[in-house]
S.K.: 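Pasting in a structure now, in structure tokens, and then I'll have a few things to ask.
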Amino acid sequence: MLYSIAVNVQRAILADLPADVLLCIFALVDVYGIISLGQTCKSLYSLAFSKSVWLNVLADLKRRGFVDEATTPDITALSAEELIDCAKRLAIGPSTWTPAPDGTFVPRVRTQRVVWQQEATGEDFAYWSAARLLPGGRYIMAVLDCRLAAWDIIQDRRVQWNLDFAANTAAVLVWDAKRSGDNEHTFIVAHSTWERSDLCMVHITEVNLSSGAQTKYLSTEFEMDKLSLQSDFCVLTDVRSAIILHWRSHTAVKLQCGARNSLLRLALIPGYAVILLSALDRPDNMFILNEATLREHLAPFTSLLLVECLNVEGLLPSARLMYKFEGVALPPNTNFQYAQTVTLAVCPSPLAPDEYRVWVTIRKRGSFRMSNTTVARMYSLRLRVFRSRKTNENLQLCLRTSTSMPSEGGWKEDDEPTFSGHSSSITRNMGEIQAFVICATYLAVVGGKVLLPKVPGSPPPDIDVSPHAGTWLCRFQKQLVVLYFE
Amino acid sequence: MVLLVTSDNEQFQTEKDIVERSVLIKNMLEDVGESDQPIPLPNVSSSVLKKVTQPSTGPTEIDVRGRYLSTASTTVESPSRPPILEQSQDETRKRTTDISEWDQKFITVDQEMLFEIILAANYLDIKSLLCRRWLQDGSQHDQGARPPEEIRKLFNIVNDFTPEEEAQIKKENEWAEDR
């Protein structure tokens, strides 16, 4: 009997617990907790770094779409070391993404897969863009000839699936896809289409990429530039406003910033909205607003063009100021050109269930006494939610790394960085097979000139980067190549 | 009502729907069928069973960490149902991020008690558990995971690593350090 072992112990100690109970405890703590426990004593060390503990961790990560199914189809076949290594890559990026003293970094490619080739599909002229790996790493979604298309990397084929369009002439503008529940093949897809000069639509569909079955949830008029999905919400944003659309209930609210020269960015995490307010001549502020406050304002709509509009400044008293981005304000009296780009991305962290990695890039340009001034920085922050605490301290946001971003030869205003749990990067084609990449992994900044692996017979690359579990997706002109890094 | 008998021969009258959330007791009840026979729990003492089945109301008695007492006593709504109700069977597999208020109060017990509760919870197959919170939340360090030194102190674990081994392990695991 387990109990009899301990019943007379005067000072109960954790290491005395039977191994099966300890394994239960390991299953309940996050990666930080496992590592921390493993460093306390030898008996806990051997348990904490055992295969069963890490199999559990990886199974959880797989369920959440972190584990790349194309390169790691069967986690049970991995040894304890390989499992830990897999978790480590997810946390801090591939091992070869480390900066060299001269500022360049040379990522080594483990394998590469040509997913799609112009010749193979037989299409005369195919133009495609916005390719990204979907969570789980099995499917790639992209816009091919103005339509959304998907590839199955494992079966090496194009997914036979067509979104049901309102009109044949409609072209896809932007899209986002997230897993729907725990099913690895089912995704919620949000995409916007340009139907004709005066009509843009946004559609929300659930698609099973294995069977091709789809359910349409919503199609409505739309006027924004970007969209992103977060569980039952879709956030549609343009420069100064954001619409939060709860697509299951067909309700929405629009936030707008009223202040001059200000930009608004918004991302959602379960229970909270992360709001970034950026102004040219003031430090930028990040706020966190309770979702309940937003939900109060959600209202049914007939068209997204007519959604009730709230001034975001009016909500700020009930929001919490979490971070002030100092040092990115232009001097006062700058003659502002409207050159301000701000991005905000919130990615779930593989290390703990309620931890998020927040990536922010801020770039501002203005002229002052005839000379141009530019500030450009990329930030990586950690956001944690302690749901058990019903106090004001239940949120924590702290800066991990930040780096200034050179503008010459590197980042242009219209470049969109890509983000994942472990890194963020911006690329610029520099001809031949060189690219300029600024890449911040979660713990360090790496970047500079990168030599991309050569793909035989390919023309100079045109690169889309989407880091997912150590992979990059590179778009060469007539090929779609996924690079898996060491 | 179900009659439970603890290891120290104390009897507890408990609502059936409450005890059935323990997988072990549920199975026992199914095996026994409708019966007035008491269910023996030889691995659980009365003090522990009280902790596991009683709805917790009001501030909790012993406060080890100091800080929890204030959290627990200032919360307005007190949970009307005991913890096992909050834990359905299929949920036990998922990592639940939501630690109930009950758990918050639950952890304000002393070390021996915690140890017994862990064993009892395991025996009764109730896995919502407290340990997670003990091991992570509430550390004075950055409110993140407790560093190894703090866990050692809390659970009275003897550090049997050599300084070299300890440094080596620390270095290997820097990537997941909660900084």
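In the text below, chain A, chain B and the rest are named by the order of the sequence lines, each starting its count at 1.
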S.K.: Any side-chain heavy atom of Y32(A) within less than 4.5 Å of one from N173(B)?
M.R.: no
S.K.: Using modelled atom types and a 3.5 Å cut-off, is there a donor and acceptor pairing between side-chain atoms of R152(B) and backbone atoms of C41(A)?
M.R.: no
S.K.: Is any side-chain heavy atom of Q39(A) closer than 4.5 Å to one of E166(B)?
M.R.: no
S.K.: Does the side chain of I157(B) reach to within under 4.5 Å of the side chain of L44(A), using non-hydrogen atoms?
M.R.: yes
S.K.: Let me know if E149(B) has heavy atoms under 4.5 Å from chain A in its side chain, its backbone, both or neither.
M.R.: neither
S.K.: I need the minimum non-hydrogen distance between A176(B) and V31(A), along with the two atoms involved.
M.R.: CB-CG1, 4.2 Å
S.K.: Measuring heavy-atom distances to chain B, does A352(A) have an atom under 4.5 Å in its side chain, in its backbone, in both, or in neither?
M.R.: neither
S.K.: State which residues pass salt bridge (Lys or Arg N to Asp or Glu O under 4.0 Å) with D160(B); sequence neighbours excluded, sorted by chain then number.
M.R.: none
S.K.: Under the ring pair (Phe, Tyr, Trp, His ring centres under 6.0 Å) rule, collect the residues that match up with Y484(A), sequence neighbours excluded.
M.R.: none
S.K.: Has K170(B) got more than 12 heavy atoms of other residues, nucleotides or ligands less than 6.0 Å from its NZ?
M.R.: no
S.K.: Ignoring hydrogens, what is the shortest heavy-atom contact between I92(A) and W175(B)? Give both atom names and the distance.
M.R.: CD1-CB, 3.8 Å
